[in-house]
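The model shown is predicted, which means the values in this text are computed figures rather than measured ones. Heavy atoms only: backbone and side chains are in, while hydrogens, waters and symmetry mates are out.
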Amino acid sequence: MIGPSKEEIEAALQPCFSQVDFLEDGLGKYTGLLSKFLRSQPNQQVYLLQRAAEQAEKIANDSYPSYPEFSSSLFLNLGDQQDNLDNYEEALVSYSRALIIQDDNPIIYYCQGNILVKLGRHEEALTSYDKALQIKDDYCDAWNNRGSVLVELEYYQEALASFYKALAIKDDDLNVLKNIIVTLITLHSYKEGITICNKLLNIQPNALEILNNKGLILSLLGCYDEALANLNEAIKLQPEYPLWWANQGIVLARAGRYQDSLASCEKALKLQANDESGYYGKACYFALQNDVDLAIENLQQAINLNPRRCRREAKFNPDFDSIRDDARFQALLQG
């Protein structure tokens, strides 16, 4: 027997939504407003969430402290929906309200930390993740996100320790493994980085990002042919992605194949002129030849397009060692 279609179910629900305003204050009205929100037009969503928050407050005041877990879950749910709308300040208010009701729920601290990251408040986010981990020390995602915050704060050794804590809990977590690789590159721990790349490629053989990272690491170890084999595989699987071409250009420049290097960087720019990768690759190309002016010019263009990524990478990239003391290079890193 075939049941009603999704369209038929939605059509049947519409008359119910028209009655939400007539419901008494409480859980039924909160649920109705949230259900209506999930099916509403964008220009109505903020208003419906505000009304649902009013209902959550009334429910919490009536039931707290008898049912703190239930009451806090209402605000946790609201925070998640506000996060989905990119209303981060409102989401933070909801998570903070949930914690006032129930301060021993690691999920709420974790969500609060995620919102604080999106607001650029990294030190506060770190505190939230620490509180989540004090309650639940095997919280893999909290360890991972804590590590990411530490990377943003440039505490790379501490970040790596957090990522390895996460890996000890879930040793096949692809996001954790990727974060470890990037951090190891930053710390110039190349051989350890190769070990992690191989571990991840055993799990996911065609992981393009890892093929790319492994290629870059191998080139820093002087293994240029193997490095290019990994980059070529990434390009074969995704030929229209400019980052793979730009990084192929960087590897070729490290190998001293400058003409081929420039062609790869130009290919990246041809694929996507407003992507920073081609300009960053050309900055490495010129820096490795001690052409300071053109290295600075291209790095400036890359930073204009993606300042966060390019400044962070240039700060630790050995390709720029020959121009690192140049005042213009230092000014670009500072912003």
Side-chain angles (χ1 to χ4, degrees), residues 2-122 124-125 127-129 131-132 139 141-142 144-145 148-149 152 175 274 306 308:
I2 299 175
S5 67
K6 180 180 178 181
E7 291 75 15
E8 290 170 331
I9 293 172
E10 290 297 323
L13 286 171
Q14 290 307 311
C16 302
F17 294 140
S18 66
Q19 301 301 309
V20 169
D21 290 339
F22 301 105
L23 294 172
E24 293 184 5
D25 290 341
L27 182 58
K29 195 164 191 175
Y30 169 89
T31 303
L33 287 165
L34 273 186
S35 297
K36 192 172 182 179
F37 154 79
L38 292 171
R39 296 164 173 83
S40 64
Q41 297 298 315
N43 62 349
Q44 298 176 306
Q45 290 180 323
V46 173
Y47 172 66
L48 288 169
L49 278 184
Q50 289 172 341
R51 291 186 60 200
E54 293 170 2
Q55 293 300 313
E57 197 65 54
K58 290 177 181 178
I59 296 166
N61 289 335
D62 289 342
S63 63
Y64 180 76
S66 301
Y67 305 102
E69 185 175 346
F70 172 74
S71 295
S72 70
S73 71
L74 303 178
F75 289 98
L76 176 60
N77 191 15
L78 282 170
D80 291 345
Q81 300 304 332
Q82 289 157 336
D83 180 12
N84 291 337
L85 292 180
D86 298 334
N87 292 337
Y88 302 135
E89 293 287 356
E90 292 85 348
L92 186 60
V93 169
S94 292
Y95 293 138
S96 298
R97 183 69 181 94
L99 286 168
I100 290 172
I101 298 170
Q102 186 189 19
D103 64 359
D104 61 350
N105 187 332
I107 295 174
I108 304 173
Y109 284 113
Y110 171 76
C111 292
Q112 183 187 58
N114 293 344
I115 288 294
L116 288 165
V117 168
K118 292 176 181 178
L119 290 169
R121 293 159 61 176
H122 295 103
E124 294 173 72
T127 299
S128 293
Y129 292 135
K131 288 181 177 178
Y139 199 156
D141 288 341
N144 185 49
N145 287 12
S148 295
V149 168
E152 290 296 326
N175 288 327
N274 63 346
N306 191 336
R308 180 180 165 197

Novice: Test Q112 against S96 for side chain to side chain contact (heavy atoms under 4.5 Å, CB included), laying out the working first.
Specialist: CA-CA 7 Å; Q112 183 187 58; S96 298; 3.6 Å; yes
Novice: Going by distance alone, is a donor N or O of one side chain under 3.5 Å from an acceptor N or O of the other, for Y129 and D141?
Specialist: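 There is no such pair between these side chains.
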Novice: Shortest non-hydrogen contact from G79 to A91?
Specialist: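 Shortest heavy-atom contact: O-CB, 3.5 Å.
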Novice: Give the C-alpha distance, both sets of side-chain angles, the deciding distance and a yes or no for side chain to side chain contact (heavy atoms under 4.5 Å, CB included) between Y109 and T127.
Specialist: CA-CA 9 Å; Y109 284 113; T127 299; over 6 Å; no
Novice: Check E89 against L119 and note the closest heavy-atom contact, atom names and distance.
Specialist: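 Distance-wise, the nearest heavy atoms are OE2-CD2, 3.8 Å.
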Novice: Donor-acceptor pair, N61 side chain versus E57 backbone, under 3.5 Å?
Specialist: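 Yes; at least one donor-acceptor contact below 3.5 Å.
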Novice: Would you say the side chain of F70 lies within less than 4.5 Å of the side chain of I59, judging by non-hydrogen atoms?
Specialist: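 Side-chain contact under 4.5 Å: yes.
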Novice: How long is the straight-line distance from CG of N145 back to OG of S128, given to the nearest 0.5 Å?
Specialist: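 The distance works out to 11.5 Å.
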Novice: Going from CG on N306 to CG on N274, what distance comes out if it is rounded to the nearest 0.5 angstrom?
Specialist: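 So the gap between those two atoms works out to 11.0 Å.
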Novice: Is there a side-chain contact between Q81 and L38 (heavy atoms, below 4.5 Å)?
Specialist: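 The answer is yes, as the side chains (C-beta and beyond) meet within the 4.5 Å cut-off.
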Novice: Quick check for you: to the nearest 0.5 Å, what is the distance between I108 atom CD1 and R97 atom CZ?
Specialist: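 I108 atom CD1 to R97 atom CZ measures 11.0 Å (nearest 0.5 Å).
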Novice: Is any side-chain heavy atom of L92 closer than 4.5 Å to one of E124?
Specialist: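 Not touching, per the 4.5 Å side-chain cut-off.
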Novice: What closest approach, in Å, do A52 and L33 show between heavy atoms, and which atom pair accounts for it?
Specialist: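 Taking A52 first and L33 second, the nearest heavy atoms are N-CD1, 3.8 Å.
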Novice: So do the side chains of Y95 and D80 get within less than 4.5 Å of each other, counting heavy atoms only?
Specialist: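 Yes, at least one pair of side-chain atoms sits under 4.5 Å.
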Novice: Which heavy-atom pair separates F75 from A60 by the least distance, and what is that distance?
Specialist: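 Residues F75 and A60, closest heavy atoms: CE1-CB, 4.0 Å.
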Novice: Hey, are the side chains of E152 and R308 touching, using non-hydrogen atoms and a 4.5 Å cut-off?
Specialist: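 Sidechains of R308 and E152: in contact.
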Novice: Which is it for V46 and N87 under the side chain to side chain contact (heavy atoms under 4.5 Å, CB included) test, yes or no, and what are the steps along the way?
Specialist: CA-CA 9 Å; V46 173; N87 292 337; 3.5 Å; yes
Novice: Just how far is it from atom CD of Q45 to atom CG of L85, taken to the nearest 0.5 Å?
Specialist: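 Here the interatomic distance stands at 5.0 Å.
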Novice: Is the shortest heavy-atom distance from the side chain of Y139 to the side chain of I107 under 4.5 Å?
Specialist: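 Yes; the side chains approach each other to less than 4.5 Å.
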Novice: Ignoring hydrogens, what is the shortest heavy-atom contact between Q82 and S94? Give both atom names and the distance.
Specialist: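 Between these two residues, the closest heavy atoms are OE1-OG, 2.7 Å.
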Novice: With heavy-atom distances below 4.5 Å as the criterion, would you say the side chains of Q50 and E90 are in contact?
Specialist: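 Not in contact.
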Novice: Locate the shortest heavy-atom distance separating I101 from S71; write the atom from each residue and the value.
Specialist: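 It is CG2-CB, 4.0 Å.
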Novice: Please tell me if the side chains of Y30 and L78 come closer than 4.5 Å, counting only heavy atoms from C-beta onward.
Specialist: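 Yes - at least one pair of side-chain heavy atoms lies under 4.5 Å apart.
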